[in-house]
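Beneath this line is the structure, given in structure tokens, with notes to follow.
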Amino acid sequence: MAVIDSFGKVYFGFGAISKLGQACAELGIKRPLLATDPDIAEFGYLERAKSSLPAGIEAIEFAELPEHPTVEGVEKTTAAFKAHNCDGFVAIGGGSIIDNCKAATILRGNPGPLRQYAGHPEKVTGPTAPIIAVPTTAGTGAEMTRGGGIHPSHGQREFGIGGSMCQPKIAVCDPELTFTLPPRLTAGTGLDAIGHCIEGYLSPTVNPPVDAIALDGVRRVLSYIERAVNDGYDREARWNMMMAAVQGGMSIHKGLGLAHSLSITFSDSDLHHGALVTLCLPPVIRFVADTVPAKLDRLAEALLVRNGNRVANAIADLSQRVGLPENVHALGYGGNDIEDMAKHTQTCWFNRTSPRQPTLDECRELVLASLG
Ligand SMILES: [Fe+2]
């Protein structure tokens, strides 16, 4: 039986940040914790967010989050939330900041350690708090999804947390907030979006409306990512990349696949998630191609290439056009325990919705093909 779920509300467009106050009011939030990192605070986005809040809503700033989401960062966020008697999270930043708040809403009213909730949303029985996501990157889709990845500590592989309580109730998507995103991050996060659209589309979960969204998202990234990388102030490109990110987030509702499993395997590093996903996609697409040939043909149409066999090459070409290296080794990954990587890839939760289940030998081959 198909389950076709709805998504959170999205205020989308230039100037959408001015709707933050309204979003808080809609959710009954009177003391939001504005969670972000020091860089984003410097760009002035916190001030712009605060200036949109009407009298009667008292925001608490918390701009101490690290670049990568860690258990320590989540615990600090939770402590700040409780210390200031906050009643909702406003996550201003990239996927790391939003994921951090997804985890913090669990710990807000449920005992630690956080890891006990990985794969067990049913254990979250205590109170949580609503999240408003204000993305400042375009690609992670975290503003639309229920799940997030948290590192036990810096340099250790992520584990996944999630559940309906973690899904942002409202996303405020203002493309202007991505103008200052540098080219390298524009490329990495933008390609994460195409990874979500492709892996969501290829997942066997039955959800034709989301399939259509995913194919549209693929076309949108293909059409606009190079423009956004080359000129961060290209309004049309930034609008479309932010929309593609939302579409990618919607596509994740069908589940993801092996490229994301591999990215988690390689997440014991500082390397960018979206770049990892993209470099793993070509070997994964070749691996599943014979299992889902009709879907590969539709993807080929979306990518403007002639047949399904060429989809993997098209993704590799696109990633190199926006400045990514050829493979995960060239990106800077230094791990060398292939057996451990193969085992981790095979058991990763994202595989549940892979169109083809790999053996351990096949995982080894996919790891080696991604590493290069
Ligand atoms: Fe991703």
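We count ligands from 1, going down the list as the structure has it; atoms in each ligand are counted the same way.
Legend: side chain to side chain donor-acceptor pair (under 3.5 Å) pairs involving residues 303-320, not counting sequence neighbours, sorted by first then second residue: Arg286-Asn313. Pairs of residues two or more places apart, or lying in two chains, that qualify as side chain to side chain donor-acceptor pair (under 3.5 Å) and include a residue from residues 76-89 are Thr77-Asn100.
Shown here are the ring-ring contact (aromatic ring centres under 6.0 Å, His included) partners of Tyr117, two or more places apart in sequence or in another chain: there are none.
Under 2.8 Å from the Fe ion (ligand 1), one finds the following protein N/O/S atoms: Asp192 OD1, His196 NE2, His260 NE2, His273 NE2.
The cationic group of Arg356 lies under 6.0 Å from the six-membered ring centre of Phe287 and within 45° of the ring axis, placing it in a cation-pi geometry.
Among Gln346, Met341, Glu339, Lys343, the one residue that satisfies the side chain to side chain contact (heavy atoms under 4.5 Å, CB included) test with Cys363 is Gln346.
Remark: aromatic rings of Trp239 and Tyr224 are distant, center separation not under 6.0 Å.
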